[in-house]
Asks: 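The structure follows.
Below, read A as the first sequence line, B as the second, and so on, with proteins coming before strands; counting in each chain starts at 1. Since we're looking at a predicted model, the values are computed, not measured.
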Protein chains: 2
Amino acid sequence: MDAFINNLSVDCVIFGFSNKTLNVLLTKRELKDPDSGMVLFTDFTVQGHHVYKGENINDAASRVLKDKTGFENIFLEQFYTFGDTDRVLKERDQLWIKKKYPMISDHVISVGYCSLVDSSILMPDTSHQDTVWFPIDELPELGFDHAKMIAMALDFLRNKLRHEPIGFELLPEKFTLSEMQSLYEVILGKSIDRRNFSKKVAQMKFIIPLNEKQKGVAHRAAQVYIFSKDVYERTKKDKLILSY
Amino acid sequence: MDAFINNLSVDCVIFGFSNKTLNVLLTKRELKDPDSGMVLFTDFTVQGHHVYKGENINDAASRVLKDKTGFENIFLEQFYTFGDTDRVLKERDQLWIKKKYPMISDHVISVGYCSLVDSSILMPDTSHQDTVWFPIDELPELGFDHAKMIAMALDFLRNKLRHEPIGFELLPEKFTLSEMQSLYEVILGKSIDRRNFSKKVAQMKFIIPLNEKQKGVAHRAAQVYIFSKDVYERTKKDKLILSY
DNA sequence: TTGCATTGCGTATTTTTTACACATCACAAA
DNA sequence: TTTGTGATGTGTAAAAAATACGCAATGCAA
């Protein structure tokens, strides 16, 4: 039997990018009255789970990520730990907990993780029908303190993007400059001049043009690039700051 | 009885600044053999304590800070949570735990906090004889995973200092430009041109010159400044980036 | 009175950021 | 085949920020 620690969980705020919008992967939470079958409430939460006994918290986050998306070895980083005593005490959260996890504590500490996936290749998995992408600016009602959690994760992502080339986790392997630019614009929340952006990218030696052009577009086909983690690791001492 | 949560603690990495060096407040840990009285080991740890039942983790960190330094309402921010399963399993750590806290778990999650105090006015308190300041580059042997913890706290501090005016927590209320500059040099680990630094500071409207000069120095007395949190809060939208 | 150490202030150069214009390409419609 | 449309690729000038550095002023001490 896999016993879990009854006061400790991990929550993964999973970001995806497709169609020029930044999305968050949420799971529907619906509680029905056991007698009448009437729906008591419906809302959404980020992907979380309790930590098992003898499990590293980082491993627990990887496990949650794999279970919910199928992805492994992708960007996954801790950003904050939520430890308020009242964070699971709202009425509907208590109803939910009592029904689903009756043995857990009233004071659950949750370690928040931020993760990035290319949501265009994440296939809807029939075993997770209740798991859906929401655009970051059209979030539904959220359970627990997950609204705050998502806000903090976004802040973390924004800061990270200015200093490290993490955006590529959100793009397909091969991408064009304007795809990359949209991503930066969406995350940073501001528009960037196309020509200046391309000059900036040209300085990043770890963004490598391929002998290949975009296909199937109704206009001039753009150059295709890949991100080389190798080159980045070798040259990262040459500091990177995107001062947008 | 104040029961604590047996698998959750907070650790405060408390930084101080005096005499142009950055210091960390550590507590001596010495275990003696109960029979022979022989010292089994001696090392140091940062200031930590378990979290009580019904206590917010941020409150727990404030409590630790107050108990160890007497300070309240000073800079105190969470920077990372340490949750490896083996983090308290080293032999000497187990010996220590079994003797001092026999009831705690083998898997302790610890939320790391970073705090800043002006160590020149922190009087040695006789009730904390085993608590001493160490220069950041002359650390003694450390228990648990506290060497890593301090390294991460320093990194956090460094990044924070580039974006927010937190350094003033480490300085006396009234300070000179060269004191401020030493602080920045020590934390950022690089030297800064005195004249350029002063131009930069002149742009920060929340650093206010007083009608007052330094006293008791054997050379030209310097202008004295204070930091105004008020002015900072009102003007913080004008972004601050110290690009050193 | 002079020497010493440190403060206060200014200017020139280099680098980075920002603003902006025009030609090119590839498909699609006429 | 020609032409229109929409996005791509490149260059240059101005503004702002960062860096390098010189020199006079101050105040105590010898």
Side-chain angles (χ1 to χ4, degrees), chain A residues 18-20 158 161-163 165 171-172 174-186 188-205 207-226 235 237-244, chain B residues 19-20 158 161-163 165 171-172 174-205 207-226 235 237-244:
Chain A
S18 64
N19 263 19
K20 302 201 174 194
R158 217 167 248 170
L161 188 71
R162 289 171 181 275
H163 301 285
L171 291 172
K174 301 175 179 182
F175 53 87
T176 67
L177 275 196
S178 44
E179 285 167 342
M180 181 175 163
Q181 181 177 341
S182 305
L183 174 66
Y184 275 73
E185 289 181 329
V186 164
L188 299 177
K190 51 156 58 178
S191 63
I192 303 173
D193 182 89
R194 192 171 55 85
R195 295 151 290 189
N196 294 333
F197 185 78
S198 106
K199 265 181 291 185
K200 202 111 192 174
V201 173
Q203 294 168 21
M204 305 179 189
K205 302 186 192 99
I207 296 178
I208 299 165
L210 298 181
N211 281 328
E212 201 173 319
K213 301 250 164 181
Q214 202 179 19
K215 280 172 193 154
V217 286
H219 53 77
R220 177 173 181 179
Q223 174 75 258
V224 172
Y225 294 81
I226 55 166
T235 59
K237 55 182 174 300
D238 324 348
K239 69 169 178 254
L240 165 83
I241 294 189
L242 267 187
S243 53
Y244 291 117
Chain B
N19 261 20
K20 302 201 174 193
R158 216 167 251 170
L161 188 71
R162 289 169 180 275
H163 302 284
L171 291 172
K174 301 175 178 182
F175 53 87
T176 66
L177 274 197
S178 44
E179 285 167 341
M180 181 176 164
Q181 182 177 340
S182 303
L183 174 66
Y184 275 74
E185 289 181 328
V186 164
I187 296 180
L188 299 178
K190 52 158 57 179
S191 63
I192 303 172
D193 182 89
R194 190 171 55 85
R195 292 150 291 188
N196 294 334
F197 185 78
S198 107
K199 263 181 292 185
K200 203 109 193 176
V201 173
Q203 294 169 20
M204 305 180 190
K205 302 185 192 99
I207 296 179
I208 299 165
L210 298 182
N211 282 327
E212 200 174 321
K213 301 250 164 184
Q214 200 179 21
K215 282 172 192 153
V217 286
H219 53 77
R220 177 175 182 179
Q223 173 76 258
V224 172
Y225 294 81
I226 55 166
T235 59
K237 54 184 176 298
D238 323 348
K239 68 166 178 257
L240 164 83
I241 293 191
L242 268 187
S243 55
Y244 291 118

Asks: Quick one: B:Lys215 NZ to D:dC28 P, roughly how many Å, whole number?
Replies: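 Atom-to-atom, B:Lys215 to D:dC28, this comes out as 12 Å.
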Asks: Distances for protein N/O vs nucleotides 9-11 of chain C N/O pairs under 3.5 angstrom?
Replies:
residue, atom, partner, partner atom, Å
C:dT11, O4, B:Lys199, NZ, 2.8

Asks: Starting from P on D:dT8, measure out to OH on A:Tyr225 and report it in whole angstrom.
Replies: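 In whole Å, D:dT8 P and A:Tyr225 OH are 11 Å from each other.
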Asks: Please determine which of B:Leu177, B:Leu210, B:Thr176 meets the side-chain contact (heavy atoms from CB on, under 4.5 Å) test together with B:Tyr225.
Replies: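 Testing each of B:Leu177, B:Leu210, B:Thr176 against B:Tyr225, the sole residue satisfying side-chain contact (heavy atoms from CB on, under 4.5 Å) is B:Leu177.
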Asks: I would like to know whether B:Gln214 and B:His219 meet side chain to side chain contact (heavy atoms under 4.5 Å, CB included); could you show each step before the answer?
Replies: CA-CA 10 Å; B:Gln214 200 179 21; B:His219 53 77; 4.2 Å; yes
Asks: Which pair of non-hydrogen atoms, one from B:Pro209 and one from B:Ile207, has the smallest distance, and what is that distance?
Replies: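 Looking at all heavy atoms of both residues, the shortest contact is CD-O, 3.7 Å.
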Asks: When the distance from CD of A:Gln203 to P of C:dT15 is rounded to whole Å, what number comes out?
Replies: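 Roughly 13 Å, once rounded to whole Å.
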Asks: With a non-hydrogen cut-off below 4.0 angstrom, is B:Gln223 in contact with a base, only sugar-phosphate, or nothing?
Replies: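 Sugar-phosphate, no base atom in range.
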Asks: Of the non-hydrogen atoms in A:Phe175 and A:Met180, which two are nearest, and what is the gap between them?
Replies: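 Heavy atoms only, the tightest pair is CE1-SD, 3.9 Å.
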Asks: Using a cut-off of under 3.5 Å, enumerate the N/O to N/O pairs linking the protein to nucleotides 23-30 of chain C.
Replies:
residue, atom, partner, partner atom, Å
C:dT24, O2, A:Arg220, NH1, 2.4

Asks: Rounded to the Å, how far apart are B:Ile192 CD1 and D:dC21 C1'?
Replies: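 Distance, rounded to whole Å: 17 Å.
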Asks: Testing the basics here: between A:Asp193 and A:Asn196, what is the closest heavy-atom pair and its distance to 0.1 Å?
Replies: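 Answer, listing the atom of A:Asp193 first, then A:Asn196: OD2-N, 3.0 Å.
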Asks: Enter the distance from B:Ile187:CD1 to B:Ser182:OG here, rounded to the nearest 0.5 Å.
Replies: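 Answer for the CD1-OG pair, B:Ile187 versus B:Ser182, is 11.0 Å.
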Asks: What heavy-atom pair brings B:Ile226 and B:Lys174 nearest, and what distance separates the two atoms?
Replies: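 Where B:Ile226 meets B:Lys174 most closely, the heavy atoms are CG2-CG, 4.0 Å.
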Asks: What are the two closest heavy atoms between A:Glu179 and A:Leu171, and how far apart are they?
Replies: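 Looking at all heavy atoms of both residues, the shortest contact is O-CD2, 4.1 Å.
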Asks: Can you tell me the distance, in whole Å, between the CE atom of B:Met180 and the P atom of C:dT7?
Replies: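 Rounding to the nearest Å, CE of B:Met180 and P of C:dT7 are 14 Å apart.
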Asks: A:Phe197 CZ to C:dT16 P: how many Å, rounded?
Replies: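 Taking CZ of A:Phe197 and P of C:dT16, I get 18 Å after rounding.
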Asks: Let me know the distance between CZ of B:Arg162 and P of D:dA18, rounded to the nearest Å.
Replies: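 My rounded result for the distance is 12 Å.
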Asks: Kindly assign one of parallel, tilted or perpendicular to the pair B:His163 and A:His163, based on the angle between their ring planes and the thresholds 30° and 60°.
Replies: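 B:His163 vs A:His163 ring planes: perpendicular.
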Asks: Which part of the nucleic acid does A:Ser178 contact within heavy-atom distance under 4.0 Å: base, sugar-phosphate only, or nothing?
Replies: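 Sugar-phosphate, no base atom in range.
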Asks: Tell me: NZ of A:Lys200 to C1' of D:dT10, nearest whole Å?
Replies: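 Answer to the nearest Å: 18 Å.
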